[in-house]
Amino acid sequence: MRAALYARVSTPASSKRATRDGDRERQDPEVQLIKLRAYAKSRGWTVVDEYVDRRSGANPDRPALKCLEADINAGKVDAVLVVRLDRIMRSTANFVQFLTMLEEDASGRPRQKPVALIATDQNLDTSTPAGRLMRTIIMAVAEYERDIIRDRINDGLDKARAEGKRLGRPRRHVDLDAYRQALRVTGSQREAARVIGVPLSTIRDRLKEEEAQNV
């Protein structure tokens, strides 16, 4: 089994902030790596590489994480080891994307063998029945969160419509008299639209509205 060890802390290496014993693992990635190396060694696994980020878990664009994903897509990794799931992602949506990447290649096709995610301190392994159950629960929670957000947006739009508020971008003002004057000078609809700085499609829409009002 080829294992990749991933550790993340939020504190920069240059930080001089005092560290309490209970916070040491969050500030020193070596504390996490020691645990992960021991786990891999106890199972006789080969450590492909160690990936360390000093970035917030809310940011999915971490340098080491991107290197890890590239190696996974290159077929170099069978399992990703972390001490806890929050070391990989703190956002449910981002975590679901990472889980999906472990099961699908860069083109979206299912991998011949999904890459396992193992959280050593939480006794979680997505290659086991219990781990797959946890993955399903996480996916369901993410879908539930998306549904809640969608419902809130729709409720807000319905409320705005009921109050007579205009939705979307403000209506663009078009001076049709200036357009007609420019058209007489240029003799071209497109050139006249360029002169007054309004897309020709917008001008045509306004002309249709004007015509409908004058019927």
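Starting from 1, each residue takes its place in the sequence as its number.
By the 4.5 Å heavy-atom criterion applied to side chains, Val77 and Arg2 are not counted as neighbours. The shortest distance between side-chain heavy atoms of Val83 and Tyr39 does not fall below 4.5 Å. In this structure the side chain of Arg90 reaches within 4.5 angstrom of the side chain of Arg8, judged on heavy atoms. Under the 4.5 Å side-chain criterion, counting only non-hydrogen atoms from C-beta, Glu69 is in contact with Phe98. Ile88 is not listed as a side-chain neighbour of Asn94, based on a closest heavy-atom distance of 4.5 Å or more. Residues Ile196 and Asp175 have side chains not in contact (no heavy-atom distance under 4.5 Å, counting atoms from C-beta outward). Residues Val9 and Pro29 have side chains in contact (heavy-atom distance under 4.5 Å, counting atoms from C-beta outward). Using a 4.5 Å heavy-atom cutoff, the side chains of Tyr6 and Leu36 are not in contact.
The line from CZ of Arg206 to OG of Ser201 is 9.5 Å long, rounded to the nearest 0.5 Å. Once rounded to the nearest 0.5 Å, the distance linking CZ of Arg54 with OG of Ser10 reads 10.5 Å. Interatomic distance, Met89 CE to Asn59 CG, rounded to the nearest 0.5 Å: 8.5 Å. Separating the OH atom in Tyr51 from the CG atom in Asp71 is a distance of 3.5 Å, to the nearest 0.5 Å. Between the CG atom in Asp121 and the CZ atom in Arg87 there is a gap of 10.5 Å [rounded to 0.5 Å]. Here the CD1-CG distance, from Ile118 to Asp125, works out to 4.0 Å after rounding to the nearest 0.5 Å.
Shown here is Met101, whose CE atom has more than 12 heavy atoms of other residues, nucleotides or ligands within 6.0 Å. Environment of CG in Asp158: crowded, with over 12 heavy atoms of neighbouring residues, nucleotides or ligands closer than 6.0 Å. The 12-atom threshold is not exceeded at CD of Gln112, counting heavy atoms of other residues, nucleotides or ligands nearer than 6.0 Å.
Under the rule for a salt bridge (Lys or Arg N to Asp or Glu O under 4.0 Å), the partners of Asp177 that lie at least two apart in sequence or sit in another chain are Arg180. By the salt bridge (Lys or Arg N to Asp or Glu O under 4.0 Å) test, Arg135 is found to be paired with Glu103, residues two or more places apart in sequence or in another chain being considered.
Val80 and Ile34 fall into different hydrophobic clusters, where Ile, Leu, Val, Met, Phe, Trp and Tyr side chains are chained together by heavy-atom contacts under 4.5 Å. Tracing side-chain contacts under 4.5 Å through hydrophobic residues (I, L, V, M, F, W, Y), one reaches Leu200 starting from Leu176; they form part of the same cluster.
Smallest separation of non-hydrogen atoms from Val115 and Thr126: O-OG1, 4.3 Å. Considering all non-hydrogen atoms of both residues, Ile203 and Ala193 come closest at CD1-CB, 3.5 Å. In plain terms, the two heavy atoms of Arg172 and Pro199 that are nearest each other are NH1-CD, 3.3 Å.
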Derivation of the side chain to side chain contact (heavy atoms under 4.5 Å, CB included) call for Phe95 and Leu85: CA-CA 9 Å; Phe95 186 63; Leu85 296 181; 3.9 Å; yes

I'd like to know whether Lys66 forms a side chain to side chain contact (heavy atoms under 4.5 Å, CB included) with Asp61, so could you lay out the CA-CA distance, the side-chain angles of the two residues, the decisive distance to 0.1 Å, and finally the verdict. CA-CA 7 Å; Lys66 290 301 180 184; Asp61 296 322; 3.3 Å; yes

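With hydrogens and angles disregarded, no donor-acceptor distance shorter than 3.5 Å links the side chain of Arg109 to the backbone of Glu104. No donor-acceptor distance shorter than 3.5 angstrom exists from the side chain of Thr128 to the backbone of Leu124, with no hydrogens or angles considered.
Side-chain contact of Arg111 with Asn73: a donor-acceptor pair under 3.5 Å is present, judged by distance alone.
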Name each donor-acceptor pair under 3.5 Å that joins a side chain in residues 182-190 to protein atoms two or more places apart or in another chain, with its distance.
residue, atom, partner, partner atom, Å
Thr186, OG1, Ala182, O, 2.9
Thr186, OG1, Ser188, N, 3.3
Thr186, OG1, Ser188, O, 3.2
Ser188, OG, Arg190, N, 3.4
Ser188, OG, Glu191, N, 3.2
Gln189, OE1, Arg204, NH2, 3.2

